[in-house]
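Just dropping this structure here.
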Amino acid sequence: MLSIRGAITAAENVREEILAAAEELLNEIIGANTLTNEQIISIIFTVTEDLDAAYPAEAARRLGIVQAGLLCMRDMYVKNSLQRCIRVIVFAENGKSQSEAVHIYLREAQILRKDLARTCAVAIDGPSGVGKSTLAKALAKELSFIYVDTGAMYRAAAVYYMRLATWPERDESVLSDMRISIEYIDGVQHIFLNGEDVTDQLRTKEVTFASSAKISVNRAVREKLLYLQREIAQKNNVIMDGRDIGTRVLPWAQVKIYLDADIHTRTLRRLNDIIGGDYETVKKEIESRDYRDSHREHDPLTKAEDAIYLDTGNMSLDEVKQKALDLIREGIAVSLSRGIT
Ligand code: DC
């Protein structure tokens with residue numbers, strides 16, 4: 001008999017969220033282990049104490065698992081452990097040996113078994129102008145990972161709202177018609193907004209301001225983009241940069257780097273990237289963006305506890321890249337040896 005473990009987190013303590021999460025987890029377990037419903041003998045679910053809106057076993061019945069014995073229990077409480085977590089152990093008989101069991105950990109629960117991660121994630125966070133995207137692009141190329149510029153997604157959302165001449169604080173409902181996607185053309189990230197390539201429209205002053213002041217402060221926008229960002233990371237090895245990657249989007253990332261540099265260096269770096277612009281104006285713009293991005297209510301810019309802090313003020317791009325590559329190799333090796341439950 002096989003025993004297969006798995007875990008997933010529910011977005012909220014809401015009946016449909018719990019059932020959707022349990023269903024996703026069971027589907028993955030069944031698919032990865034090529035099980036039929038009839039081969040499943042029993043499933044034990046546990047939930048953390050913050051989930052009480054539904055029994056996850058109901059999801060199994062919905063999937064047509066009718067004959068297996070099911071049981072739901074409250075997980076033991078461990079201080080500071082993962083919240084809103086659904087764990088399962090599935091017992092099945094399909095002629096395979098235990099060494100062939102594929103255990104499945106999804107969403108934030110990937111953090112429980114970093115050793116089983118099916119993809120690799122490197123999270124790079126830091127303030128504006130610090131050189132995140134330059135570094136992330138160079139690393140992605142070197143490692144053949146996908147580079148995901150999450151700031152560009154917030155910028156595309158700004159373009160969407162600017163075209164409608166409204167803001168999320170007034171009009172969250174139009175969010176359901178906003179479709180943002182990413183494609184890679186000759187290895188370069190292109191952002192599509194409702195099917196239109198808007199990559200060239202993302203770097204104007206107005207978009208920069210709106211993305212920080214009007215768009216990224218809204219919780220519903222953040223949730224929508226979070227889903228998209230995680231979906232990419234579940235399917236690809238990624239270097240993802242932004243403000244909340246290590247803390248919120250990919251807390252399970254094997255490697256987290258927080259880049260920093262003093263304001264003078266960042267202003268010079270930004271001046272180097274743009275055409276025109278004077279020192280004082282660019283410096284002020286960066287300072288006010290830093291303030292907004294690190295003081296907003298939802299997922300503000302902050303260093304994840306387990307992120308490595310890198311002050312790049314006196315480092316060349318090559319030096320930063322070399323240091324980051326060392327950290328990534330080391331981080332991946334450590335994560336391969338780390339698993340909880
Ligand atoms: O990285 P960028 O300058 O392109 O980002 C534009 C804005 O989007 C930034 O000021 C804050 C917001 N942002 C965010 O809130 N969270 C992210 N992960 C990335 C960007």
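Counting starts at 1 for both ligands and their atoms, in listed order.
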Does Asp125 pair with Arg243 as a salt bridge, N-O distance under 4.0 Å? no
Lys284/Asp290 ion pair, N-O < 4.0 Å: no
Please name all residues satisfying ring-ring contact (aromatic ring centres under 6.0 Å, His included) with His298, sequence neighbours left out, ordered by chain then number. none
Smallest separation among heavy atoms of Ile86 and Ile18, with atom names: CD1-O, 3.8 Å
Any salt bridge linking Arg219 with Glu297? Criterion: basic side-chain nitrogen under 4.0 Å from a carboxylate oxygen. no
Contact residues of ligand 1 (heavy atom under 4.0 Å), by chain and number: Thr150, Gly151, Tyr154, Arg155, Arg203, Ser211, Ser212, Ser216, Arg222, Gly242, Arg243, Asp244, Ile245, Arg289, Asp293, Arg296
Salt-bridge contact Arg292-Glu287 (side-chain N to carboxylate O under 4.0 Å): no
